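A short write-up of the structure that comes next.
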Amino acid sequence: MKKIIAMTLLSAMVLSMTACGSKEVTEEATTEAVATEEAATEEGGQLVMATNAEFPPYEYREGDQIVGIDADIAAAIAEELGMELVIEDMQFDSIIAAVQSGKADIGVAGMTVTEDRLVTVNFSDPYTQAAQVIIVKTDSEIATPDALAGKTIGVQLGTTGDLYAEDIEDATIERYNKGFEAVQALTQGKVDAVIIDREPAKVFVEQNEGLKVVDEEFTVEDYAICIAKENSELLEKINTALATLQESGKLDEIKAKYINAE
Ligand code: ARG
């Protein structure tokens, strides 16, 4: 992406420099700008990934690095495509807009494939099966999704947990920018339960005393990579790369690195 801007700027400079010169040069400069834009996600270029690094074990910060399953999968895909991976960290509910506007090429953020999102972006083939679960305090009487009726529920803004919480009868929803903040609110007794993705839930429960994950899952979902609607060429490339990584065992290897088998 940065490259396009740089090249377009350069072309603009060439244009203005030759503004009083011959017409041919001007046309050449314009063609070059178009060609560079098409080469935006070509071999040798950058693959810009939008994420929200508040979601262990999929994406989180370790020092100044963003690590996790999604970061490793995206790096492996970039390698397959001969591209350089660049990670942009942002709020979860900004990721789709970043991909739509071309600020990022792909969104990789433990993102669930939903009908609503499919209206605005495309999704790659799924790379993992996931689920929404409920976190409560160890002494809570909430033991099933049905028991959430009438309760105060913490969620991360704009996630599927947020979406499902809206369907719970008489529930009050408290939305937080980070999943971890919802978990803190639970620890402090500000909410009765948190709806969040299974693997992050396990990490948060491990890091905080007095919490547990309810056995019965709320939903089962698929994670996939989102890509702008018009970028069907990149979609195809990503699917091919994912299939290669699946066949070689690399995908399973990455998941096993971050998730301990039970
Ligand atoms: N799977 C959920 C969703 O797609 C939550 C994802 C949150 N991801 C993150 N990196 N914070 O809505």
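Counting convention: from 1, in listed order, for ligands and their atoms alike. Nothing here was measured: the structure is a model prediction, and the numbers come from that model.
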With no hydrogens and no angle check, do the side chains of Tyr58 and Asp197 hold a donor and an acceptor under 3.5 Å apart? no
Less than 4.0 angstrom from a charged side-chain N to a carboxylate O is my criterion; do Lys190 and Glu181 meet it? no
Strictly distance-based, threshold 3.5 Å: is any side-chain N or O of Asn52 a donor or acceptor partner for the main-chain N or O of Met90? yes
Regarding Glu221 and Tyr164, is there a side-chain donor-to-acceptor distance under 3.5 Å anywhere? yes
Contact table, ligand 1 N/O with protein N/O, distance under 3.5 Å:
unit_1, atom_1, unit_2, atom_2, d
ligand 1, 1 (N), Gly110, O, 2.8
ligand 1, 1 (N), Thr112, OG1, 2.8
ligand 1, 1 (N), Asp197, OD2, 2.6
ligand 1, 4 (O), Thr112, N, 2.8
ligand 1, 4 (O), Thr112, OG1, 3.2
ligand 1, 4 (O), Arg117, NH1, 2.8
ligand 1, 8 (N), Ala109, O, 2.8
ligand 1, 10 (N), Asn52, O, 2.9
ligand 1, 10 (N), Glu59, OE2, 2.9
ligand 1, 10 (N), Ala109, O, 3.3
ligand 1, 11 (N), Asn52, OD1, 2.7
ligand 1, 11 (N), Gln156, OE1, 3.2
ligand 1, 12 (O), Arg117, NH1, 3.4
ligand 1, 12 (O), Arg117, NH2, 2.8
ligand 1, 12 (O), Thr160, N, 2.8

Scanning both residues in full, the closest heavy-atom pair of Ala171 with Leu148 reads CB-O, 4.3 Å
Plane angle bin for Phe204 and Phe180 - parallel if under 30°, tilted between 30 and 60°, otherwise perpendicular: tilted
